[in-house]
Amino acid sequence: MLRKKLIAGNWKMNCLSKEGTDLAKAIAAKVKQENYNCDFLICPPFTLLSLVKKCLRGTKIALGGQDAHFAVKGAHTGDISPLMLADLGCSYTILGHSERRTDHHETNKIVCQKAIAAHAAGLKTVICIGETEAQRDEGKTIKICQDQISGSVPEDSTAKNTVIAYEPIWAIGTGKTPTAADVQEVHAAIRQALVKKLGKATAARMRILYGGSVKPGNAAELLSLPDVDGALIGGASLKVDDFIAIAKNATK
Ligand code: PEP
């Protein structure tokens, strides 16, 4: 298999200790029960990383942060460095999620700097891109995604250290999704942008996840698309049965 599917959960700013550990333990138990032919990643809030790490022991589920600063340490109050994530046992971090781009004014350049720092710290990155509803209505989706690939993905990216997540902003947490044909068209265009940026061999091996209202009911169709290599899941990753039901569609 050229690209093994990745099923990633983004818990966002949800769960206190008990809820988070209960959820992680339940997911770990389910993943241990069956032989899933996909990779798993869970990205809890920073406050739960150590606790969740313990719950995932003995499983193949990777742990990730939801963001990381571009500096290794220093005067950046409230921020977390990629080395700190690695120190806690993370192997991944999400970067450039649309909520970070909106709430914290993160530009492609900042996302790119963060990715370089994360890779240097030994982390793999899930770099998020996607268009707003207005941009889609104006027919700019592909151009926006190509520009985000060009600006947010560093030159040092490889298929091993980088995953792309295409998340149409208007589909996140709304229950709306693009048609399967639209998703495939955008993913294929993203892969072409990766060819331009990183070369054919790397682009062919780099995983491109779809994110935005992925649920058990639409996972089979989305995950069967030729350029969809997994899912970044928000709301449904907080429900163990939904998260696992989605993963079952990745192994078919
Ligand atoms: C996300 O925030 O990355 C996401 C895809 O959320 P949801 O699945 O809730 O749309």
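Note that ligands are numbered from 1 as they come in the structure, with each ligand's atoms numbered from 1 the same way. Sequential numbering from 1 along the given sequence is applied to the chain's residues.
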Inset, instruction - Look at atom 5 (C) of ligand 1 and say which protein heavy atom is nearest, naming residue and atom and giving the distance to 0.1 Å. - result: Glu167 OE2, 3.0 Å

Inset, instruction - Would you indicate whether Lys160, at its atom NZ, is surrounded by more than 12 heavy atoms from other residues, nucleotides or ligands within a distance under 6.0 Å? - result: no

Legend entry - Heavy atom of the protein closest to atom 8 (O) of ligand 1 (residue, atom name, distance): Gly234 N, 2.8 Å

Legend entry - Pairing of Lys4 and Asp229 as salt bridge, 4.0 angstrom limit: no

Legend entry - ligand 1 atoms in contact with Gly173 (distance to a heavy atom under 4.0 Å): 7 (P), 9 (O), 10 (O)

Inset, instruction - Check whether any N or O atom of Gly211, backbone or side chain, sits under 3.5 Å from an N or O atom of ligand 1, and answer yes or no. - result: no

Legend entry - Geometric class of the Phe70/His76 ring pair [parallel <30°, tilted 30-60°, perpendicular >60°]: perpendicular

Inset, instruction - Considering non-hydrogen atoms only, spot the tightest contact between Thr59 and Ala28 and give its length. - result: CG2-CB, 3.7 Å

Legend entry - Electrostatic pair Glu106:Arg100 at N-O distance under 4.0 angstrom: yes

Legend entry - Lys/Arg N to Asp/Glu carboxylate O, Glu131 vs Lys143, below 4.0 Å: no

Inset, instruction - State whether a side-chain donor-acceptor pair under 3.5 Å links Gln148 with Tyr166. - result: no

Inset, instruction - For His97 and Cys128, work out which heavy atoms get closest and say how close. - result: CA-CB, 3.7 Å

Legend entry - ligand 1 contact by Ala171, heavy-atom criterion under 4.0 angstrom: yes

Inset, instruction - Number the atoms of ligand 1 from 1 as they appear, then name those within less than 4.0 Å of a heavy atom of Ser213, with their elements. - result: 7 (P), 8 (O), 10 (O)

Inset, instruction - Starting from atom 2 (O) of ligand 1, find the nearest protein heavy-atom neighbour and note its residue, name and distance. - result: Lys12 NZ, 2.5 Å

Legend entry - Per-residue contact class, Ile172 against ligand 1 - non-hydrogen pairs under 4.0 Å: both

Inset, instruction - Would you mind running through ligand 1 and noting each atom that sits below 4.0 Å from a heavy atom of Gly212? - result: 5 (C), 10 (O)

Inset, instruction - Examine Ala236 against ligand 1 and note whether any of their N/O atoms are separated by less than 3.5 Å. - result: no

Legend entry - Min N/O separation Gly235 to ligand 1 under 3.5 Å: yes

Legend entry - His97 to ligand 1, any heavy atom closer than 4.0 Å: yes

